[in-house]
Amino acid sequence: MPRTHDMRKLAEPRTPSQRERCHRMLRAAAELGARHGLEQVQISDIAARAGVAVGTLYRYFPSKHHLYAALLADRVERMPIPGSSATTATAAVAEAMGTAVRRMLTSVPLARAMIVSINVVRNEYGLNPPFAIDQRILDIAALQRATAEDRRLARLVEQAVYGVLTWATAGEITPEQAVDDVQRACELLLAPWQRRARTIDGVGGGDQ
């Protein structure tokens, strides 16, 4: 059974100083996770590197898994959206997902820490992480009118990305293969979007 204190609602940083403190904790987790991997990293080391008390870290992240899941959420939120050179929604998502996977796998130990943690937070603790990559995919696609079927396709891409990352972090495929597989999955799954133009900064067409 999950521990009750891990099931509580996480504290939300509301002030600039609180947000900056949380960013320091995420940066420290990223640096130590890349160096040592999930199993060897201690919460006390992350707190010390971030310059905060252990109790402060637990206020926002009640477990190491919550912390690395939040780090993944932060990276999804910061995922760059391709510019107008990616004229179709399919091309834009394939480019963005390939870039995101390539960046994540520059440190396989850190990528593994984030993937393992997101699965633990979802399955063991029964909590939904504070992000949805399927919505980010729709943002990248920049479709004029997202339908229920569009949202379904975005979810399928999310599932494919997680699957490829799971294989890559387990050493089953190389980072280069992972990037190729993710981009190919986007091309296949989002084939219905291939003729859909994107709307960039309020300018663009609808269906072609």
Side-chain angles (χ1 to χ4, degrees), residues 1-13 22-43 45-47 50 57-80 93 96-140 151-173 175 178-179 181-182 185-186 189:
M1 293 291 293
R3 292 171 293 174
T4 55
H5 77 277
D6 286 327
M7 296 296 289
R8 72 177 187 270
K9 180 177 175 57
L10 305 185
E12 293 286 343
C22 281
H23 286 149
R24 289 207 316 270
M25 289 185 272
L26 292 176
R27 286 197 301 270
E31 292 167 2
L32 293 175
R35 185 178 304 170
H36 302 295
L38 180 66
E39 290 77 10
Q40 300 302 317
V41 173
Q42 302 298 320
I43 283 288
D45 295 332
I46 295 172
L57 190 150
Y58 276 126
R59 178 185 175 196
Y60 297 99
F61 310 106
S63 76
K64 185 165 58 174
H65 292 303
H66 285 85
L67 180 55
Y68 281 99
L71 180 61
L72 180 58
D74 182 70
R75 297 200 169 188
V76 168
E77 184 178 346
R78 296 170 184 274
M79 189 184 300
V93 174
M97 292 299 105
T99 298
V101 167
R102 183 179 293 107
R103 289 179 177 178
M104 279 190 66
L105 293 177
T106 56
S107 171
V108 172
L110 178 57
R112 181 180 179 277
M114 292 188 287
I115 294 299
V116 168
S117 293
I118 201 69
N119 289 331
V120 169
V121 169
R122 279 176 165 160
N123 299 326
E124 182 177 339
Y125 293 99
L127 297 177
N128 290 320
F131 77 103
I133 195 172
D134 58 336
Q135 181 56 54
R136 189 59 172 161
I137 288 167
L138 290 171
D139 293 341
I140 292 166
R151 296 184 183 280
R152 178 171 177 264
L153 293 176
R155 288 196 305 271
L156 289 171
V157 170
E158 175 180 3
Q159 293 160 19
V161 170
Y162 278 126
V164 170
L165 284 171
T166 298
W167 274 52
T169 56
E172 298 291 337
I173 57 176
V179 172
D181 287 353
V182 161
C186 290
L189 291 169

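Just so you know, residue 1 is the first one in the sequence shown, and it goes up from there.
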(request) Identify the heavy atoms of Ala168 and Val108 that sit nearest to each other, and give their distance. (result) O-CG1, 4.4 Å

(request) Quick one: closest heavy-atom pair of Arg136 and Arg78, and the distance? (result) NH2-C, 4.4 Å

(message) Tell me the closest heavy-atom pair linking Val93 and Cys186, and the distance in Å.
(response) CG1-SG, 4.0 Å

(message) Measuring from atom CE of Met79 to atom CD1 of Ile137, what distance do you get when rounded to the nearest 0.5 angstrom?
(response) 7.5 Å

(message) Contact between Ile173 and Val164 at the side-chain level, heavy atoms closer than 4.5 Å - yes or no?
(response) yes

(message) Can you tell me how far apart CZ (Arg102) and CE (Met104) are? Round to the nearest 0.5 Å.
(response) 13.5 Å

(message) Applying the side-chain contact (heavy atoms from CB on, under 4.5 Å) criterion to Ile133, which one of Leu138, Ile118, Val76 satisfies it?
(response) Val76

(message) I want to check something: taking the side chain as every heavy atom from C-beta on, are Asp134 and Arg151 in contact at a cut-off of under 4.5 Å?
(response) no

(message) What's the separation between atom CG in Leu38 and atom CD1 in Ile115, rounded to the nearest 0.5 Å?
(response) 12.0 Å

(message) Using side chain to side chain contact (heavy atoms under 4.5 Å, CB included), reason through Tyr68 and Val121 one step at a time and then give a plain yes or no.
(response) CA-CA 10 Å; Tyr68 281 99; Val121 169; over 6 Å; no

(request) With the side chain counted from C-beta on, respond yes when Phe61 and Leu26 share a heavy-atom pair under 4.5 Å apart, and no when they do not. (result) yes

(request) Please test Met114 against Arg75 for side chain to side chain contact (heavy atoms under 4.5 Å, CB included), starting from the C-alpha separation and ending with a verdict. (result) CA-CA 10 Å; Met114 292 188 287; Arg75 297 200 169 188; 4.2 Å; yes

(request) For Asp45 and Val41, indicate whether the former's side chain and the latter's backbone hold a donor-acceptor pair under 3.5 Å. (result) no

(message) Is the shortest side-chain heavy-atom distance between Thr169 and Leu105 below 4.5 Å?
(response) yes

(message) So, taking the atom named CD1 in Ile43 and the one named CD1 in Ile46, what distance separates them when rounded to the nearest 0.5 Å?
(response) 4.5 Å

(message) On a heavy-atom basis, which atom in Gly37 and which in Pro109 lie closest, and how many Å separate them?
(response) CA-CB, 4.0 Å

(message) Quick one, His36 with Gln42, criterion side chain to side chain contact (heavy atoms under 4.5 Å, CB included). Give me CA distance, side-chain angles, the key distance, then yes/no.
(response) CA-CA 10 Å; His36 302 295; Gln42 302 298 320; over 6 Å; no

(request) Report the distance from atom CZ of Arg122 to atom OG of Ser117, rounding to the nearest 0.5 Å. (result) 12.0 Å

(message) If I take atom CG from residue Asp139 and atom CD from residue Glu77, how far apart are they, to the nearest 0.5 angstrom?
(response) 10.5 Å

